[in-house]
Amino acid sequence: MFEDIQSILLTEEQIRVRVGELGEAISRDYAGKDPFFVGVLKGSFVFMSDLIRGVGIHCQMDFMGVSSYGNKSVTTGAVKITYDLNTDIEGRHVVIVEDILDSGLTLAYLQGYLGGRRPASIHICALLDKPARRRASVTPTYVGFEIPDAFVVGYGLDYAERYRNLPFIGILKPEIYTD
Ligand code: IMP
Ligand code: MG
């Protein structure tokens, strides 16, 4: 597995420090608001688990399943809900937790979809942002790291369902995903 990584973009330590800062920022901004975190499966599950342990206020969470990629490294633009929330979010302060904001198509769709359920507010917390590739207008409130236009894996992010278990975020060797 490690031999498929060209270079490490973000170390475990860099991620740990930054995710802690995001948790603190959210705790301050949402004090008294009982935020509801919505994690986008599967990529956000590692980030979510670290993020909420850095949140020091009452909160709740659930996950949604969204798929837009199949096994390809380039988006098809099609978003499909594969697993929906089990909780009513009407009147709640929703924070969508996403691993990476790339074209923005997934989050633009999800923001509209959840917005239809009349939450009090919706904000986005993305661990990674690749602004160079944006195709939909989506503005994240919290971003861990802005990264260059490279395909990255690890810390929950996959290529063809692999590499989610890497503890750091690395750039995959291009020959692995030439499809
Ligand atoms: P968007 O709809 O193009 O913004 O894509 C968001 C989704 O695409 C993320 O939740 C990831 O699952 C996937 N994705 C985008 N870029 C990468 C990457 O560099 N590595 C792994 N997954 C990615
Ligand atoms: Mg993915």
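Only this structure's heavy atoms are used, side chains among them; waters, hydrogens and symmetry mates stay out. Count residues from 1 along the sequence. Note that ligands are numbered from 1 as they come in the structure, with each ligand's atoms numbered from 1 the same way.
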Within the 4.0 Å heavy-atom shell around [X], which atoms of ligand 1 are there?
X	value
K130	16 (N), 17 (C), 18 (C), 19 (O)
D99	9 (C), 10 (O), 11 (C), 12 (O)
S103	1 (P), 2 (O), 3 (O), 4 (O)
T106	1 (P), 2 (O), 5 (O), 6 (C)
A150	19 (O)

G104: heavy atom below 4.0 Å from ligand 1, yes or no?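 G104 counts as a contact of ligand 1 under the 4.0 Å cut-off.
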Taking a cutoff of less than 4.0 Å between a non-hydrogen atom of the residue and any ligand atom, is L172 in contact with ligand 1?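 The answer is no, since L172 has no heavy atom less than 4.0 Å from ligand 1.
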Please check whether L107 reaches ligand 1 - meaning an N/O of the residue sits under 3.5 Å from an N/O of the ligand, judged on distance alone.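 No - when backbone and side-chain N and O of L107 are compared with those of ligand 1, no distance drops under 3.5 Å.
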Please check whether V152 reaches ligand 1 - meaning an N/O of the residue sits under 3.5 Å from an N/O of the ligand, judged on distance alone.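 Yes, since at least one N or O of V152 sits under 3.5 Å from an N or O of ligand 1.
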K42 charged N/C atom sitting above F45 aromatic ring, 6.0 Å / 45°: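 No, a cation-pi geometry is absent between K42 and F45.
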Measure the [atom1]-[atom2] distance between [X] and [Y] for me, rounded to the nearest 0.5 Å.
X	Y	atom1	atom2	result
R92	C59	CZ	SG	9.5 Å
D129	L101	CG	CG	4.5 Å
L157	L128	CG	CG	6.0 Å
D99	M48	CG	CE	11.5 Å

Ligand 1-proximal atoms of [X], by part, heavy-atom distance under 4.0 Å:
X	value
R135	neither
D158	backbone
R133	neither
L157	side chain

Main chain of L22, side chain of E24: is a donor-acceptor contact present, judged purely on distance under 3.5 Å?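 No, the answer is negative, given that no donor and acceptor are paired below the 3.5 Å cut-off.
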Reference residue I124; test side-chain contact (heavy atoms from CB on, under 4.5 Å); the match among V38, V94, L107: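 Result for side-chain contact (heavy atoms from CB on, under 4.5 Å) with I124: L107.
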Matching residue for L114 among R117, R118, Q111 - test: side-chain contact (heavy atoms from CB on, under 4.5 Å):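 It is R117; the other options fail the test.
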Aromatic contact between Y155 and F168, with the criterion being ring centroids under 6.0 Å apart: yes or no?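 Ring-ring flag for Y155/F168: false, centres at least 6.0 Å apart.
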